[in-house]
Structures are given as C-alpha cells and as structure tokens.
Protein chains: 2
Amino acid sequence: MDEDAVFRALADGSRRRLLDRLHARNGQTLGELCEGLEMTRQAVTKHLGILEEANLVSTRRQGREKLHYINPVPINEIADRWISKFERHALEALSDLKKSLEGSKDE
Amino acid sequence: MDEDAVFRALADGSRRRLLDRLHARNGQTLGELCEGLEMTRQAVTKHLGILEEANLVSTRRQGREKLHYINPVPINEIADRWISKFERHALEALSDLKKSLEGSKDE
DNA sequence: TAAATATGGAACCATTTGGTTGCCTATTGC
DNA sequence: GCAATAGGCAACCAAATGGTTCCATATTTA
C-alpha cells in the first residue's frame, strides 16, 4: 500500500464525501456520483481518479457506464498500522502532557 | 475538532514523520526536531505550525526553547468517528465488490 | 443511422503548498 | 555587556492542486 497516496487522497473533503456516498451506496456510476455536487463532472472524474490511484476505489466498466466501488482495505491498513500506533499510547502521551503543563506552573 | 485540518495536516509525509518523532520521544524542542532532516529550520517550523493548528501538537515555551508535545486526541477522533464507519462495513463492502466482479464474468 | 447519453482527455487557470533566504527578537552563558 | 544560541517573521519561488472549458469517443436508443 502506498501510505502517502492514501493520506493525500483522504486530505480533500470532496473526496471524503465521495467515499461517504459510495459507503452509503456502493457501485454508483460517475453520473450518479456527480448529482447534486457543485462541481463539474470532470472535477469529480479527477477526484475519483485520485481515489482509484490510492486504491480506495475500484471501478468496473459496464457498457457506457463506469461503476465505482469503495475499497476499505487501505483505510483499514491506515487504521491498523498507523493510527493504532498513536492510539496505543494515547493516554500515556496525554498524561505526559498534563505532567509537563503542571510542571510549568511551578516555574 | 476541525476534521479537514487534521486530514490535511496528516497528508504530508514530513509532518507524519514529525509526529512519529514526537511519538518516539515527546516534548522535543524545535532544534531537536530539525536534527537529521533535509529541510531548513523554517520549513520544520511551518510544518509544526500546521500540526499545531490541527491540534495534533501542543507547545510550551520554556526559556528560549519551545517544547512540542503530541496530542493524540484528534487522531483518536478520526479513528473513532470517521475510519470506524468504514471499518464497520469493510467485509460487507468487500463481499459486494467480489459479487459484482464475479457477476461481470458472465456478461 | 442519427441523436442522446456516459465518459475520457487535454489545455488552461488561480490558489495553495512546501520550501527557500534574509533578517529580527529573545534568552542564556562567558 | 556581548557573543552565541533558539526561535519568529516575511517575502519570495516553483510545483502541485482543484477546478474550469472545449472537444473527442463509445454506447444506447428512437
């Protein structure tokens, strides 16, 4: 997995909203994903391309339509490998911070 | 929490590495965080500023030094509120994808 | 087959981003 | 007090980003 591609793909709110839409209903066409968005179709195409490059979305051509499917694997990998690393010591880090802030009061 | 600020802060590899460094040893000064990086101090300052705006890093001035502390709360919120939404239905979505891919073989 | 529909490609544009350099301020140690 | 150290500020720059418009291609459908 290209961690950097995934993080950068997730950095944009429009792309996260597209993932939300696919999460709500998987297998939508480009046209369906464009509905109600204040963006041209081409802008959406670009966003979907970035999501596809990051492997967050898979596609399948059906006739003249292109169906889009969310791929949760990279998100799970981010959660497992990267975020859990920080979660694991979350309380510890918080308590470190508290201690150091308390310490600063005495100075 | 400003979800967008957090995602955008995490989008850059240099910033994720800075978080890694703070995760390894909390409370480092700007100078320490610069050591061994192929970047000017000012570039690191900017990155830390972005992490601070996203509330991923807290700072504390001690004399002429500035100590940096990782704040795991926003990362946990991302994990809890956003990522878990996708994890929850991860297998389901995967099986949807499989089914649709299998379906396409017959066409 | 011709029109309508669904998508793709590429050029172009403004803004953001990640980085630099140069200089300034504040603290500390001799 | 003065030099060294730690950090801050601002201007500037190239490249990436998010968006547009215009046009082309492929598939349906009347």
Side-chain angles (χ1 to χ4, degrees), chain A residues 2-22 25-54 56-69 100 103-104 106-107, chain B residues 2-22 25-54 56-69 100 103-104 106-107:
Chain A
D2 183 347
E3 173 183 290
D4 196 58
V6 176
F7 272 110
R8 277 188 309 172
L10 293 179
D12 185 84
S14 300
R15 287 194 286 273
R16 291 197 302 277
R17 257 168 269 131
L18 285 171
L19 285 181
D20 282 340
R21 285 183 162 220
L22 285 179
R25 187 161 69 81
N26 214 11
Q28 294 185 66
T29 67
L30 171 59
E32 287 171 329
L33 288 169
C34 286
E35 283 168 23
L37 295 185
E38 294 188 341
M39 229 186 305
T40 59
R41 176 177 53 82
Q42 284 79 356
V44 176
T45 299
K46 282 196 186 177
H47 284 308
L48 289 171
I50 290 169
L51 290 171
E52 221 178 321
E53 270 192 43
L56 285 161
V57 160
S58 307
T59 61
R60 168 186 159 222
R61 200 75 201 236
Q62 187 176 43
R64 65 181 159 183
E65 294 182 329
K66 190 174 184 182
L67 307 182
H68 297 78
Y69 297 89
S100 79
S104 68
D106 308 332
E107 290 164 10
Chain B
D2 184 347
E3 173 183 289
D4 195 59
V6 176
F7 273 109
R8 277 188 309 175
L10 294 179
D12 185 82
S14 300
R15 288 195 285 272
R16 291 196 303 275
R17 258 169 267 131
L18 285 170
L19 286 181
D20 282 339
R21 285 184 160 218
L22 286 179
R25 187 162 68 80
N26 214 9
Q28 294 186 66
T29 67
L30 171 60
E32 288 171 330
L33 288 170
C34 286
E35 282 168 23
L37 295 186
E38 294 189 342
M39 231 188 303
T40 59
R41 176 176 54 81
Q42 285 81 354
V44 177
T45 298
K46 282 195 187 179
H47 283 308
L48 289 172
I50 289 168
L51 290 170
E52 220 178 321
E53 270 191 44
L56 285 161
V57 161
S58 307
T59 61
R60 167 184 159 222
R61 200 75 201 238
Q62 187 176 44
R64 65 180 159 183
E65 294 182 330
K66 190 175 184 180
L67 307 182
H68 297 78
Y69 297 90
S100 80
S104 68
D106 308 330
E107 291 165 6

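Just so it is clear, the structure is predicted and the values come from calculations on it, not from any experiment. Below, read A as the first sequence line, B as the second, and so on, with proteins coming before strands; counting in each chain starts at 1.
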message: Please give me every residue in residues 14-21 of chain A whose heavy atoms get under 4.0 Å of an atom in DNA chain D, ordered by residue number.
response: A/S14, A/R15
statement: A/R21 meets the side chain to side chain donor-acceptor pair (under 3.5 Å) criterion, sequence neighbours left out, with none
- request: Find the distance B/E32:CD to D/dT5:C1' and express it as a whole number of Å.
  value: 14 Å
query: Closer to the 5' end of DNA chain C via nearest nucleotide, is it B/A11 or A/L30?
result: A/L30
- line: Hits for salt bridge (Lys or Arg N to Asp or Glu O under 4.0 Å) against A/E53, two or more places apart or cross-chain, chain-then-number order -> none
message: The criterion is salt bridge (Lys or Arg N to Asp or Glu O under 4.0 Å); which residues satisfy it with B/K46, sequence neighbours excluded?
response: none
- line: Outermost contacting nts on DNA chain C, any atom under 4.0 Å from chain B heavy atoms, listed 5' then 3', are C/dT17 to C/dT28
field: 5' priority, DNA chain D, between B/H68 and A/R8 [closest heavy atom]
entry: B/H68
message: Expressed as a whole number of angstroms, how long is the span from A/E53:CD to D/dT17:C1'?
response: 13 Å
statement: All heavy atoms of A/L10 vs all of A/L19, minimum pair found to be CD2-CD1, 3.6 Å
- request: Apply side chain to side chain donor-acceptor pair (under 3.5 Å) to A/Q42 and list each qualifying residue two or more places apart in sequence or on a separate chain.
  value: none
task: For a side chain to side chain contact (heavy atoms under 4.5 Å, CB included) with A/L18, tell me which candidate from A/L56, A/V57, A/L37 qualifies.
output: A/L37
- line: B/E65 meets the salt bridge (Lys or Arg N to Asp or Glu O under 4.0 Å) criterion, sequence neighbours left out, with none
Any residue meeting side chain to side chain contact (heavy atoms under 4.5 Å, CB included) with A/S14, in chain and number order, not counting sequence neighbours: A/D12, A/R17, A/M39, A/H47
message: For B/D4, give me all partners under side chain to side chain donor-acceptor pair (under 3.5 Å), at least two apart in sequence or on another chain.
response: A/R16, B/R8
Tabulate protein N/O versus nucleotide N/O from nucleotides 27-30 of chain D, keeping only pairs under 3.5 Å, one per line.
from	atom 1	to	atom 2	distance (Å)
D/dT27	O2	A/R64	NH1	3.3

field: Residues within residues 37-46 of chain A bordering DNA chain D, heavy-atom distance below 4.0 Å
entry: A/M39, A/T40, A/Q42, A/A43, A/K46
statement: Sorted by chain and number, sequence neighbours left out, side chain to side chain contact (heavy atoms under 4.5 Å, CB included) with B/R41 holds for B/L30, B/C34, B/T45
message: Let me confirm one number: the CG-OG1 distance from A/L67 to A/T59, rounded to the nearest 0.5 Å.
response: 8.5 Å
query: Nearest heavy-atom pair of A/A54 and A/A9: which atoms, and what distance?
result: CB-CB, 3.8 Å
- prompt: If every non-hydrogen atom of A/G27 is compared with every non-hydrogen atom of A/L22, which pair is closest and at what distance?
  reply: N-CD2, 4.3 Å
